[in-house]
There are 2 protein chains.
Amino acid sequence: MATIHDVALKAGVSVTTVSRVMNNRGYISERTRSKVFQTMEELNYHPNEIARSLLRKRSNVIGLIIPAVSHPFFAELANHVEYYAYQSGCKVLLCNSQLDPVKEKEYIDMLKRNMVDGIVMGSHTLEVDAYRNLHSPIVTIDRRIDEDIPYISSDNYAGGRLAAELLISKGCRKIAHICGNLTLNLLANNRSMAFRDVMLEHGIENVVIQTDMNVFDHDQYGRIIGKLLREHEDIDGIFATSDIIAAYALKGCTQAGKRVPEDIRIIGYDGIGAVSWFEPEISSIRQPISEIGRLAVELIRKQRDGEPFERENILPVELMERSTT
Amino acid sequence: MATIHDVALKAGVSVTTVSRVMNNRGYISERTRSKVFQTMEELNYHPNEIARSLLRKRSNVIGLIIPAVSHPFFAELANHVEYYAYQSGCKVLLCNSQLDPVKEKEYIDMLKRNMVDGIVMGSHTLEVDAYRNLHSPIVTIDRRIDEDIPYISSDNYAGGRLAAELLISKGCRKIAHICGNLTLNLLANNRSMAFRDVMLEHGIENVVIQTDMNVFDHDQYGRIIGKLLREHEDIDGIFATSDIIAAYALKGCTQAGKRVPEDIRIIGYDGIGAVSWFEPEISSIRQPISEIGRLAVELIRKQRDGEPFERENILPVELMERSTT
DNA sequence: CATTATATGTCAAACGTTTGATATATGTCA
DNA sequence: TGACATATATCAAACGTTTGACATATAATG
């Protein structure tokens, strides 16, 4: 591959001049400029970004660490992060942690070695110190580490209330809530807080079921729903903490011969595109996934450039009422 | 951040020695080795991969260009590519082309400037010359460019036959086939060839509908299915060229008051995880997505290392009969 | 004792850029 | 004329590694 030296030689100028032409700095005559550009064309020259990165001590890469991109929520998140990163001249390095602390740590180290501009953490399996000490711009999704590290989440509490209140307003009198592991320090747990609060306020009978939220084992959802419907035949509402769980709830209800929404109402959370693939379409609390992605990229950029930025970013959710409620 | 010089200084050795310790080359006494490692610990030293990349003229990065990672098939593909890349010490740069030739070209150029080890092309919107001239290890998914560029695809023709024959064997007598744009030079079109051949062989009435296969506009599927069912009331089988289309077909049939599989049978293609979220679960032709990802990484690596490799990689498909057939 | 193999370490160039310091014209304005 | 802005170019250091060439010390061998 041609280097800047080859271009300079062929164009009859110095490498400095070529560099100045490329980076638009200093005085360059129109004649020189066009000659350089022409030579670059002729040699099919592409500046080596690695050398640039080495010098400017950053790579214009954003690391995205998530449990698994095969999970629809994270797939959509990754899609938007890539979109906004591209808009701001950055690239995205895709890191699936598989919720394995070892892999997550190795990815963090790797990203630092590669001088990424910053890291978007959608997976957090490590101790808080691991994140505090990493001295690299970082943004966490749906998890608050401490007062220094900026985080983004949807308004989980409001979302939980919306879902719970909708079910009640539709007449549900015994409601199940299927959520992740509440002992993990995730902001998503606020959905469950809100559920509990609303149930108490209205004195509604309810049952809360924790899954271990293993992103990969969807089979468990089928089993859990089956068990739930068997043990609590009179349940007439389900608030699932993700749309996938809601989909399994819908499937389980149908299999158990219950009509949705007539016999039992179901609402999910996330608002992934897949909710509209179902019949009936699944009601959901929509997180602004695109905005989360946009903000994540912006927060990395602001930290990198030393601009001031907001630490707490709680974005509004929206009730998407479809056909299961 | 500490550099190799800092480590050398503090450990009282030369940078060469530190480098040799890290890379395990040359003779190093156990005493020196442990001292160096200890110093690295103390300084929290991480070797700068950018500098390494510059020297060895490659970055251990694989570029993955796909239409959109929010599409379940590509999300799963990305997941597996990441998995196997990680296994072989590589990182994955995620590039969504959005099927925009300009963006795809920019991504290709960017990847070259960053000296990636190779590019996995799951999106191909450019002229063949653009791929031929890029002088970088490359693998295409589901598209044959020429005899030089290795490609991977599932056995689309066999898959198409399997699907078509299954529907016939179940007693379908008028079958619809919903596929992408057949004028694009995609190997996926062989599914449609197979469908046509099987229909001819059995003398089965059929209707073929092309969508423009815009990965992002799912609404069109709903409209197409609705129109199809209205115009051909007597259709009793549908072979969809993707599982998402199959899901919309299932939804459309249910909305039209048809029972699946009693009144109409449906089979999709791809075998994405989502097929089992539905009730009834959707029958599908499973592509070995994991194997595709594994092979993609392997083919990049072999090209990079100058090892011999197979140009044509057609992987077997598998009939996953679930409940819609 | 000379020779050789083994063990350990140092030096400096190279990878492909950017950039500050410096030099030298040329033209314009007061 | 001097001062100044404009235009162009050169040189060399720097970014953080790796690595071939070379140096030295020690131990084993003939």
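As the structure is a computational prediction, the values presented were derived from the model and not from experiment. Within every chain, numbering begins at 1; the chains are lettered A, B, ... in the order of the sequence lines, protein sequences first and strands thereafter.
- Here C:dT19 is the nucleotide among D:dT17, C:dT19, C:dA12 with the atom lying nearest to any side-chain atom of A:S19.
- Using a 4.0 Å cut-off between a side-chain N of Lys or Arg and a carboxylate O of Asp or Glu, A:E298 and A:R301 do not qualify as a salt bridge.
- Using a 4.0 Å heavy-atom cutoff across all strands shown, B:M115 reaches no nucleic acid atom at all.
- One can place CD1 of A:I4 at 14 Å from C1' of D:dA9, the figure rounded to the nearest angstrom.
- Taking atom CZ of A:R25 as the reference point, atom P of D:dT6 lies 17 Å away to the nearest angstrom.
- Side chain B:T3 to base D:dC15: no donor-acceptor pair is found below 3.5 Å.
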Checklist entry - Please walk me through it: do A:Y84 and A:S290 pass side chain to side chain donor-acceptor pair (under 3.5 Å)? => result CA-CA 9 Å; A:Y84 291 107; A:S290 171; 3.1 Å; yes
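- A:H5 places its NE2 atom 11 Å from the P atom of C:dA14, with the value rounded to the nearest Å.
- You'll find that the side chain of B:A51 is closest to D:dT17, out of D:dT17, D:dT19, C:dG16.
- In this pair, B:H124 and B:Y131 present their aromatic rings perpendicular. The plane angle is above 60°, beyond the 30 to 60° band.
- Phosphate contact (OP1/OP2 of C:dG16, side-chain N/O of B:K57, threshold under 4.0 Å): present.
- Residue B:N23 places at least one side-chain N or O under 4.0 Å from the OP1 or OP2 atom of D:dT18.
- We find that B:K112 and B:E106 are not joined by a salt bridge, their nearest charged nitrogen and carboxylate oxygen being 4.0 Å or further apart.
- The nearest whole Å value for the distance from the CD atom in B:E49 to the P atom in D:dT18 is 8 Å.
- Between B:R113 and A:E49 there is a salt bridge, since at least one side-chain N of the basic residue sits less than 4.0 Å from a carboxylate O of the acidic one.
- Salt-bridge formation is not detected for the pair A:K91/A:E82: no Lys NZ or Arg NE/NH1/NH2 atom is positioned less than 4.0 Å from an Asp or Glu carboxylate oxygen.
- Comment: B:K35 does not engage B:E42 in a salt bridge, judged by the lack of any side-chain N to carboxylate O separation of less than 4.0 angstrom.
- Between A:R52 and the phosphate of C:dT18, there is a side-chain N or O to OP1/OP2 separation shorter than 4.0 Å.
- Under a 4.0 Å N-O distance rule, the pair A:D146/A:R132 qualifies as a salt bridge.
- No salt bridge links A:E147 with A:R311; every basic N to acidic carboxylate O contact stays at or beyond 4.0 Å.
- Distance CE (A:M40) to P (C:dT17): 10 Å, rounded to an integer number of Å.
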Atom pairs under 3.5 Å, N or O on each side, protein against nucleotides 5-9 of chain C: can you list them with distances?
from: C:dT8; atom 1: OP2; to: B:I28; atom 2: O; distance (Å): 3.4
from: C:dT8; atom 1: OP2; to: B:S29; atom 2: N; distance (Å): 3.1
from: C:dG9; atom 1: OP1; to: B:T32; atom 2: OG1; distance (Å): 2.7
from: C:dG9; atom 1: OP2; to: B:T32; atom 2: OG1; distance (Å): 3.2

Next on the checklist: Just to be sure I follow the notation: if a pair is Watson-Crick (purine N1 to pyrimidine N3 plus N6-O4 or O6-N4) or a G-U wobble (N1-O2 and O6-N3), each under 3.5 Å, what dot-bracket string does DNA chain C give, with | for pairs to another strand?
Outcome noted: ||||||||||||||||||||||||||||||
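- Between the CG atom of B:L54 and the P atom of C:dA13 there is a distance of 17 Å, rounded to whole Å.
- Residues forming a salt bridge (charged side-chain N to carboxylate O under 4.0 Å, His left out) with A:D109 (at least two apart in sequence, or on another chain): A:K105.
- Atom CG of B:L9 is separated from atom P of D:dG16 by 15 Å (rounded to the nearest Å).
- Whole-Å rounding puts the A:R33 CZ to D:dA7 C1' distance at 12 Å.
- Residue B:M1 is classed as having no contact, given no heavy-atom separation below 4.0 Å to the nucleic acid.
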